[in-house]
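Shown next, in structure tokens, is the structure this report addresses.
Since the model is a prediction, treat every value here as computed from it, not as a measurement.
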Amino acid sequence: MLEAFVSQYQPTAQLDVAATSSANAHMQNSELQRITNWLIDGARSSGTPAEMIADVCEHLVEAGLPLWRFGIFIRTLHPEIFGRNFIWRQGQEVEIGTVDFEILDTPEFAKSPLRIVFEEGLEVRGRMDDPDSKRFPFLDDMRAEGVTDYVAMPMPYLDGSIHATSWVTRRPGGFSDDDIAAIRTIVTPLARVSEIISLRRTAEMLLDTYVGNRAGARILGGQIRRGHNDTMQAAIWLSDLRGFTALSDRLPAETVVEILNQYFDCQVTAIRGHGGEVLKFMGDGLLAVFPIDEYVGDAAHVCARVLEAARESRTSVEALAFPIGDIVERFRFGVALHVGNILYGNIGGGNRLDFTCIGPAVNLAARLEKIAGRLGRTVVVSEVFAKACRHDWRALGEFPIAGFSKAQRVYGLAEETPVVMA
């Protein structure tokens, strides 16, 4: 359960740990210090977080710790994921897992040793020959695997948050006092390394959540100053919920927010599933882009995926039903699709910036979306989009567009029946 390391460290220093006899029952102080120093230095010889965990555990075993299983459990700052876990076992690859917030309401978590660690910041020990260990059902599984001793230790971060580690052995008699002391010694530098990596991971996740993964990667890559912009070709998606103003006027704000969240879910899943990136929510409006480059395909390939995303979204929105008292609210939306060059990057004033896209292509998409509403269409596309995406299009006419010198041809899906809303 829970979250930890996700960052890449380039190898600059190798851990030099002299192997000791496997029969040695206690940690060697000099080897323990070498491992500690390696962690303090950032464990930079490990390429990934999972490799770092494996390296730590394997070197501890070589140094004399009778470790059979190790787990690190770190809570995350994420709207959906409570955290991640990394589990190491002797002779196996590190297992990485995630859990959502529902774990907090399960009987398994209520009776887990880790709950005590997280909530009270206390060490929890369960010797298999101690009857008191039976209060933790999880230890029954460990006992069945031949485990003799289990220790869960808090791993505090500098911000005051409590995360956890677990240490398991199958050696007869369990961990010795020296083993426990060695584990306590390792936890502190391990906490510092994991906190640094977790902070970067948190930054990546929050940026992905609020600005999208492509924009987040650019921001973390150093594009943080106003004027850092790139030009890119993309298919542009601009959508709007029909009747939103009237809906907002007659329903409580909390209900409107819940409706918007479900409505946006109908689009975001399809957009991301077909290679798009949501850049902005603007009230009931949504702006997304589908980059066109040598890695994802040409305009024809990308536009075909965009159209498929639009059709999936249409189906999802049509199926969306929101009961309010004796009434079931149903919804319609419109989306305009266009292809063109956009300016993509930091725009804003003072120290408040937004990572977004602008340009005539975006402006045209916004105007087309309004035309979709007037025509009662769910999907309308520009002439450029229609030429790039082979489909059974129906010409809807030429329309003057504010700010554009020439009228624009607009196309819709032949399969659609227009519905003009009152």
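- In this structure, the side chains of W237 and I271 come closer than 4.5 Å at one or more pairs of heavy atoms.
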Distance-only donor-acceptor hits, side chain of residues 145-153, under 3.5 Å, sequence neighbours excluded:
unit_1, atom_1, unit_2, atom_2, d
T148, OG1, T169, O, 3.3
T148, OG1, R171, O, 2.6
D149, OD1, R125, NE, 3.3
D149, OD2, R125, NE, 3.2
D149, OD2, R125, NH2, 2.7
D149, OD2, F175, N, 2.9

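- Taking the side chain to side chain contact (heavy atoms under 4.5 Å, CB included) definition, one finds that A372 meets it with R242, V380, sequence neighbours left out.
- Legend: ring-ring contact (aromatic ring centres under 6.0 Å, His included) pairs involving residues 392-415, not counting sequence neighbours, sorted by first then second residue: H391-W393.
- T106 has its side chain within reach of I103: a pair of non-hydrogen atoms, C-beta onward, lies under 4.5 Å apart.
- Checked against side chain to side chain contact (heavy atoms under 4.5 Å, CB included), K280 has the following partners two or more places apart in sequence or in another chain: M282, L287, D354, T356.
- With a 4.5 Å cut-off on side-chain heavy atoms, L307 and V381 do not count as touching.
- Under the ring pair (Phe, Tyr, Trp, His ring centres under 6.0 Å) test applied with F70, the options W167, F86, W88 reduce to a single match, W167.
- Evaluation of the ring-ring contact (aromatic ring centres under 6.0 Å, His included) rule for F264 yields F281 as partners, not counting sequence neighbours.
- Put simply, the side chain of F385 reaches to within 4.5 Å of the side chain of V306, judged on heavy atoms.
- Counting only residues at least two apart or on different chains, the salt bridge (Lys or Arg N to Asp or Glu O under 4.0 Å) pairs with a member in residues 399-411 are E398-R409.
- Residues meeting the side chain to side chain contact (heavy atoms under 4.5 Å, CB included) test with D140, sequence neighbours left out: R143.
- Judged purely by atom type and a 3.5 angstrom limit, T188 has no side-chain atom pairing as donor or acceptor with the backbone of T185.
- Applying the salt bridge (Lys or Arg N to Asp or Glu O under 4.0 Å) test to pairs two or more places apart or on separate chains, those with a residue in residues 85-103 are R89-E95.
- Side-chain atoms of S248 come within 3.5 Å of backbone atoms of F244 as a donor-acceptor pair (strictly under, hydrogens ignored).
- Note that CZ of F136 and CG of L114 are 9.5 Å apart. Values are rounded to the nearest 0.5 Å.
- Relative ring orientation between F109 and F118 is described as parallel, the plane-to-plane angle staying below 30° on a 0-90° scale split at 30° and 60°.
- Side chain of D392 to main chain of A414: no donor-acceptor pair is present (N/O by atom type, distance under 3.5 Å, no hydrogens or angles).
- Shown here are the side chain to side chain donor-acceptor pair (under 3.5 Å) partners of R305, two or more places apart in sequence or in another chain: H301.
- No side-chain heavy atom of S239 sits less than 4.5 Å from a side-chain heavy atom of E369.
- By the neighbour-count criterion of 12 heavy atoms within 6.0 Å, atom CZ of R390 is sparsely surrounded, having that number or fewer from other residues, nucleotides or ligands.
- Listed by chain and residue number, I236, H338, I342 satisfy the side chain to side chain contact (heavy atoms under 4.5 Å, CB included) test with A361 (two or more places apart in sequence, or in another chain).
- A side chain to side chain donor-acceptor pair (under 3.5 Å) check over residues 310-328, counting only residues at least two apart or in different chains, returns the pairs H274-E312, R311-E415, R314-E415, R314-E416.
- Judged as a salt bridge (Lys or Arg N to Asp or Glu O under 4.0 Å), the pairs with a partner in residues 250-265 (not counting sequence neighbours) are, in order, R250-E329.
- If you take CG on L65 and CD1 on I186, they are separated by 9.0 Å, rounding to the nearest 0.5 Å.
- Side chains of V339 and I292 form a contact here, defined as non-hydrogen atoms less than 4.5 Å apart.
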Go through the steps for F73 and H163 under the test ring-ring contact (aromatic ring centres under 6.0 Å, His included), then give the verdict.
CA-CA 6 Å; F73 311 88; H163 308 267; over 10 Å; no

